[in-house]
Amino acid sequence: MAQDLFQAPDYFGLDDLLTEEHKLVRDAAREWVKREVSPIIEDAAQKAEFPKEIIGGLAEIGAFGPYIPEEYGGAGLDQISYGLIMQEIERGDSGVRSTASVQSSLVMYPIWKYGTEEQKQKFLPKLASGEFIGCFGLTEPDFGSNPGGMVTNIKDMGDHYLLNGAKMWISNAPFADIAVVWAKNEEGRIKGIIVERGMEGFSTPETHNKWSLRASATGELIFDNVKVPKENLMPNKDGLGAPLGCLDSARYGIAWGAIGAAMDCYDTALRYAKERVQFDKPIAGTQLQQKKLAEMITEITKAQLLTWRLGVLRNEGNATSAQISMAKRNNVDMALNIAREARQILGAMGITGEYSIMRHMMNLESVITYEGTHDIHLLITGLDITGIPAFK
Ligand code: TGC
Ligand code: FAD
């Protein structure tokens with residue numbers, strides 16, 4: 001990939017809304033991405049490999065459990081710092097941000113919120129340091145947008161649970177040390193249970209041939225009569241609201257992350273358009289390319305403001321799930337549109353790995369689908385404003 005010359009756009013002076021701590025956290029993440037992610041990410045994506053060598057660095061910049069209390073190994077930061085870290089990581093690559101999102105919001109968050117004190121002590125510090133990597137199993141072959149229909153199940157066998165079923169499309173699965181798995185008990189109630197690599201009957205085959213999120217490892221979770229100790233059940237919340245609560249936190253991080261991908265595409269396209277001469281002048285001097293660039297910075301700015309406000313609401317504990325859905329949906333769609341337009345500005349160069357745009361564009365096709373599809377988030381807004389569910 002060409003040298004990383006990224007300069008973050010801030011058209012409405014959003015930095016003035018950030019504290020010194022926010023800026024320090026963001027700048028540390030930004031520098032780390034430039035130094036450790038940009039030089040290797042194109043190669044990792046081409047090879048379809050998650051670059052495990054960056055796990056320690058992710059932990060060091062606080063990307064694993066940014067808002068988890070320090071007593072459990074987390075960074076103890078607020079929600080805006082969490083968002084800014086996700087923005088900077090996804091500026092590098094959505095697949096790397098996925099690993100951080102899953103670890104923080106889909107593995108550490110449920111253990112912190114729904115787990116026992118023993119589970120928190122056993123798992124959270126190791127997850128925060130990157131010694132353990134986790135994954136989150138909700139989606140099943142026949143239940144994607146409708147996870148409430150899941151068939152994966154646990155049976156109480158007295159001294160342990162017997163777990164059967166399968167999950168698919170699971171980020172981090174192929175190398176995860178633990179999996180937070182959602183399964184129904186005999187009464188049909190959804191429970192969260194921690195499954196550890198090495199348990200007999202538990203396997204994690206990798207999903208190959210992805211054209212998207214290639215630097216993230218995706219796989220299945222297969223449970224064939226897995227004996228899970230009773231102490232691995234998370235007792236403090238059940239029902240579909242338990243996994244959906246984790247998704248609120250992850251979707252919030254994605255809303256920020258998508259801005260990072262959009263900023264990188266815009267910044268790359270702006271620089272290229274100023275340098276690329278056709279018909280004896282830079283293409284940035286043509287009305288058509290200016291229209292694209294001007295619309296990009298307008299959309300990025302709107303998303304930045306929306307998301308900063310959402311962060312304030314999250315810090316106050318007042319953000320609703322529907323507000324998070326709106327931000328996730330808007331920002332990912334915005335980023336994908338910008339990636340498509342930016343790629344055109346680069347002409348043929350835009351399809352190469354010399355520039356990050358095509359990789360962002362392909363990654364965002366997953367981001368617009370996972371953690372609730374573009375359609376599902378629209379229906380969540382529809383339900384919120386009308387009071388009538390239109391899913392079924
Ligand atoms: P519904 O009847 O509406 O709700 C069931 C229960 O859940 C509660 N609830 C929520 N709780 C917390 N946060 C939310 N966002 C919540 N939304 C709903 C609700 O109050 C109710 O509670 P209770 O106590 O009454 O039982 O459920 P439904 O079956 O009609 O489905 C609603 C729907 C479609 C919105 C939901 O199922 C949904 O969001 N579907 C999308 C599935 C999804 O997002 N899957 C993501 C899988 S994980 C993933 O993609 C990770 S990618 C990670 C990466 O690599 O970055
Ligand atoms: P479906 O639910 O089959 O949807 C297909 C289409 O139908 C979509 O366009 C959808 O919007 C539309 N649709 C569905 N229902 C309705 C409706 N009621 N009204 C109108 N339209 C509807 N899951 C995990 O649990 N953990 C993970 O770590 C994870 N990581 C992922 C990583 C990647 C790279 C990808 C691609 C997915 C990942 N997922 C993960 C799964 C992801 O959450 C699901 O793919 C997503 O929720 C959609 O489910 P589905 O693919 O089965 O699509």
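Order of appearance sets the numbers: ligands from 1, and atoms from 1 within every ligand.
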Any nitrogen or oxygen of [X], side chain or backbone, less than 3.5 Å from one on ligand 2?
X	answer
L138	yes
G372	no
D375	yes
T218	no

Where does [X] meet ligand 1, judged by heavy-atom distances below 4.0 Å: at the side chain, the backbone, both, or neither?
X	answer
T373	neither
R251	side chain
I380	side chain

Close approach, L379 and ligand 2, non-hydrogen under 4.0 angstrom
yes

Within a distance under 4.0 Å of any heavy atom of E371, pick out the atoms of ligand 2 and give their elements.
43 (O)

Just jot down the ligand 2 atoms closer than 4.0 angstrom to any heavy atom of F136, in number order.
24 (C), 25 (O), 26 (N), 27 (C), 28 (O)

List the steps and the verdict of ring-ring contact (aromatic ring centres under 6.0 Å, His included) for Y82 and Y252.
CA-CA 9 Å; Y82 160 45; Y252 166 76; 5.7 Å; yes

Which protein non-hydrogen atom lies closest to [atom], naming both residue and atom, and how far is it?
atom	value
atom 1 (P) of ligand 1	L240 CD2, 4.8 Å
atom 15 (N) of ligand 1	D248 OD1, 2.8 Å
atom 50 (P) of ligand 2	G144 CA, 4.0 Å
atom 6 (C) of ligand 1	G241 N, 3.8 Å
atom 23 (N) of ligand 2	T139 OG1, 2.7 Å
atom 52 (S) of ligand 1	Y370 CG, 3.5 Å
atom 9 (N) of ligand 1	L244 CD1, 3.6 Å
atom 16 (C) of ligand 2	I376 CD1, 4.2 Å
atom 40 (N) of ligand 1	S145 O, 2.9 Å
atom 32 (C) of ligand 1	F391 CE1, 4.4 Å
atom 49 (C) of ligand 1	E371 N, 3.7 Å

If we only count N/O pairs under 3.5 Å, is [X] in contact with ligand 1?
X	value
G372	yes
T139	no
R189	no
S101	no
N146	no

State which residues pass salt bridge (charged side-chain N to carboxylate O under 4.0 Å, His left out) with E196; sequence neighbours excluded, sorted by chain then number.
K122

Output all residues satisfying salt bridge (charged side-chain N to carboxylate O under 4.0 Å, His left out) with K126, sequence neighbours left out; order by chain, then residue number.
none

Among all the protein's heavy atoms, is there at least one whose distance to [atom] comes out below 4.0 Å?
atom	result
atom 26 (N) of ligand 2	yes
atom 20 (O) of ligand 1	no
atom 23 (P) of ligand 1	no
atom 3 (O) of ligand 2	no
atom 43 (O) of ligand 2	yes
atom 11 (N) of ligand 1	yes
atom 26 (O) of ligand 1	no
atom 3 (O) of ligand 1	no
atom 48 (C) of ligand 2	yes
atom 32 (C) of ligand 2	yes
atom 10 (C) of ligand 2	yes

Any idea which of [options] brings a heavy atom closest to [atom]?
atom	options	result
atom 53 (O) of ligand 2	S212, A179, S145	S145
atom 45 (N) of ligand 1	T99, L247, L213, D238	L247
atom 45 (O) of ligand 2	T369, L378, N363	T369
atom 36 (C) of ligand 2	C135, P243, S366	S366
atom 39 (N) of ligand 2	W169, F391, W182	W169
atom 37 (O) of ligand 1	G95, G245, P147	P147

Let's go through D4 and R30 carefully: what are the C-alpha distance in whole Å and the side-chain angles of both, what is the deciding distance for salt bridge (Lys or Arg N to Asp or Glu O under 4.0 Å) to 0.1 Å, and is it a yes or a no?
CA-CA 11 Å; D4 184 353; R30 185 169 291 169; over 6 Å; no

With heavy atoms only and a cut-off of under 4.0 Å, state how [X] meets ligand 2: side chain, backbone, both or neither.
X	value
T373	side chain
K167	neither
L213	side chain

When you check the gap from the basic side-chain N to the acidic O, do E275 and R271 get nearer than 4.0 Å?
no

R359 and E42 ion-paired at < 4.0 Å
yes

Pair K34, E31 - check salt bridge (Lys or Arg N to Asp or Glu O under 4.0 Å), show working.
CA-CA 5 Å; K34 230 176 212 191; E31 281 312 306; 5.4 Å; no

Check the pair D264, R91 against salt bridge (Lys or Arg N to Asp or Glu O under 4.0 Å), reporting the backbone distance first and the verdict last.
CA-CA 6 Å; D264 197 49; R91 207 280 297 172; 3.0 Å; yes

Could you tell me if any non-hydrogen atom of L106 lies under 4.0 Å from any atom of ligand 1?
yes

Min heavy-atom dist S321 to ligand 1 below 4.0 Å:
yes

Where the side chain of K210 meets the backbone of L213, is there a donor-acceptor pair that is under 3.5 Å apart?
yes

Say you draw a straight line from CD1 of I297 to CD1 of I338; how long is it, rounded to the nearest 0.5 Å?
8.0 Å

